[in-house]
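In what follows, chains carry the letters A, B, and so on, assigned in the order in which the sequence lines appear, proteins first and then strands, with residues in each chain numbered from 1.
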Number of protein chains: 2
Amino acid sequence: MSEVQKERTKRADAVRNKDAIIDAALTCLSDDPGASMSEIARVAGVGRVTLYGHFADREELVGAVFARTMDRAAAELAAVDIKQDTWKCLRDLVQSSWRVLYQFNSLLAAAEPYLSAEQIRAHHDKPLARVIAVLEKGRSEGTFRTDQSLTWQGACFYSILHSAAAEIRAGRLTEDDAARVLPATIRALLIPPADPAP
Amino acid sequence: MSEVQKERTKRADAVRNKDAIIDAALTCLSDDPGASMSEIARVAGVGRVTLYGHFADREELVGAVFARTMDRAAAELAAVDIKQDTWKCLRDLVQSSWRVLYQFNSLLAAAEPYLSAEQIRAHHDKPLARVIAVLEKGRSEGTFRTDQSLTWQGACFYSILHSAAAEIRAGRLTEDDAARVLPATIRALLIPPADPAP
DNA sequence: GATTACTCAAACAATTATGTTCAGGTTACC
DNA sequence: GGTAACCTGAACATAATTGTTTGAGTAATC
């Protein structure tokens, strides 16, 4: 006897609604990690009961949103060709990922009560790995400074991306300006110091 | 008729408890902006009713904590002698303020539902002003790069401080390491770029 | 066009946090 | 040492959120 369940093809509106809910949850939770299920359903344009029809409880929904976001981030980062010039590589990394990576903080706050530290760490490490890989490449070439830990440089990388997103949201920076200033700032963080510190 | 109220000297244990409550609130809210009044009272080692005896409601407590923290930050920043060497000045700024300034984010999240945007802005601008002042000093001397906006550089400054505090809390950085790596990182952000960007 | 999956609003119980009241017990202060 | 200020736990009302059930309506699919 086969264990394979016959896969009922889900109805079109059902999958559409489920997607809408995840999208809405991403929006709401990025804005406020404590956003209520009602709020998310409202933004998704869907009844509250429908939401619970697709996700058993808050934990399941938050988990789905968190996982999808991390997967997307990992995919975008993985698409960067690591063989090209290191600076170009870094620029691509910034360009392709700052929009999605900046949500990490609020989303993490929403997921924290449900996921174990190791689970969070596992999800987090996947996108971080690509960044670290580029950092290591730059180090081995002598392009990047080596007097600070990889961990610290990685943290600063994320931090600056997040800062840009926050400034944009607050209306103090435009997306075009961000595209210009971000690579320059990251570059400043990583380039070897020219003169000895005073 | 004088409008002056006769100031009843508060009992010693009363002021002690009130201080303990504010301290506990600072700790709890930094950790979780949504921390409950019960939790705060527990950490303060005080009954919940006592807490409500000193602060009418959550808004009043959060307001008090937020105001005190901003005042302390402003005081610490104001204590930095702006006439000395710019790099030393910056180092002092970092040294004296990263411990208190990093709480800004979580505290802000706790205060956001109660304070208007202008009130928050007003509190925020006070400590920021000192940072901006030093940035401007460095610019006029030609010590700092001028191809990025003051706003952006200020945001990055805060962002890096916050990042260091987060890394310490996560156990990936020691306080001693932070004291070493922070000034170097801030310096890298602000020093004029040596060679043209590729 | 019939069936069935899906949706919805309303009403439900359970939980949690807020803010208040009360009655009795301490303790600082004069 | 007496008084008033202060603290306390318990109990209460209120409100918001979570997750479930119901029963009827709608629309995608065959």
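- Checking the phosphate oxygens (OP1, OP2) of dT18(C), a side-chain nitrogen or oxygen of R58(B) falls inside 4.0 Å.
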Problem set entry | Worked check of side-chain contact (heavy atoms from CB on, under 4.5 Å) between D92(B) and D81(B) | CA-CA 8 Å; D92(B) 283 359; D81(B) 178 16; 5.9 Å; no
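- Rounded to whole angstrom, the span from the CZ atom of R42(B) across to the P atom of dC7(D) amounts to 19 Å.
- Listed pair N17(B) / dC6(D) fails the phosphate criterion, with no side-chain N or O lying under 4.0 Å from OP1 or OP2.
- Atom NZ of K18(A) is separated from atom P of dA5(C) by 17 Å (rounded to the nearest Å).
- Each of G45(B) and R11(B) lies near DNA chain D, and the nucleotide nearest R11(B) is the one positioned closer to the 5' end.
- Taking every side-chain heavy atom of S36(B) into account, dT18(C) is the closest of dT18(C), dT18(D), dC6(C).
- The side chain of V49(A) sits closest to dT21(D) out of dT8(D), dA28(D), dT21(D).
- Judged by closest nucleotide on DNA chain C, T50(A) is the one of T50(A) and E59(B) placed further toward the 5' end.
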Exercise. Does the side-chain contact (heavy atoms from CB on, under 4.5 Å) test come out yes or no for E167(B) and T151(A), once each step is laid out?
Worked result: CA-CA 9 Å; E167(B) 290 292 300; T151(A) 308; 3.5 Å; yes
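- Using a 4.5 Å cut-off on side-chain heavy atoms (C-beta onward), W87(B) and I186(B) make no contact.
- Ring geometry for F104(B) against Y158(B) counts as tilted: the plane angle lies between 30° and 60°, on a 0 to 90° scale.
- Whole-Å rounding puts the D57(A) CG to dA14(C) P distance at 18 Å.
- When distances are taken from the side chain of D13(B) to each of dA5(C), dC7(D), dG19(D), the shortest belongs to dC7(D).
- Residue Y52(A) has its side chain nearest to dG19(D) when only dC6(D), dG19(D), dC6(C) are considered.
- The CZ-C1' distance, from R16(A) to dT7(C), rounds to 12 Å in whole Å.
- When the P atom of dG9(D) is taken as reference, atom CG of L51(B) falls 13 Å away, rounded to whole Å.
- Taking atom CE of M37(A) as the reference point, atom C1' of dT18(D) lies 8 Å away to the nearest angstrom.
- Note: CG (L61(B)) to P (dT18(C)) measures 10 Å, nearest angstrom.
- Between I21(B) atom CD1 and dC7(D) atom P there is a gap of 8 Å when expressed in whole angstrom units.
- Both R48(A) and A56(B) sit near DNA chain C, but only R48(A) has its closest nucleotide nearer the 5' end.
- K137(A) forms no cation-pi arrangement with F144(A), by the criterion of a distance under 6.0 Å to the ring centre and an angle within 45° of the ring axis.
- Residue H54(A) has no polar side-chain atom (N or O) positioned under 4.0 Å from OP1 or OP2 of dC6(C).
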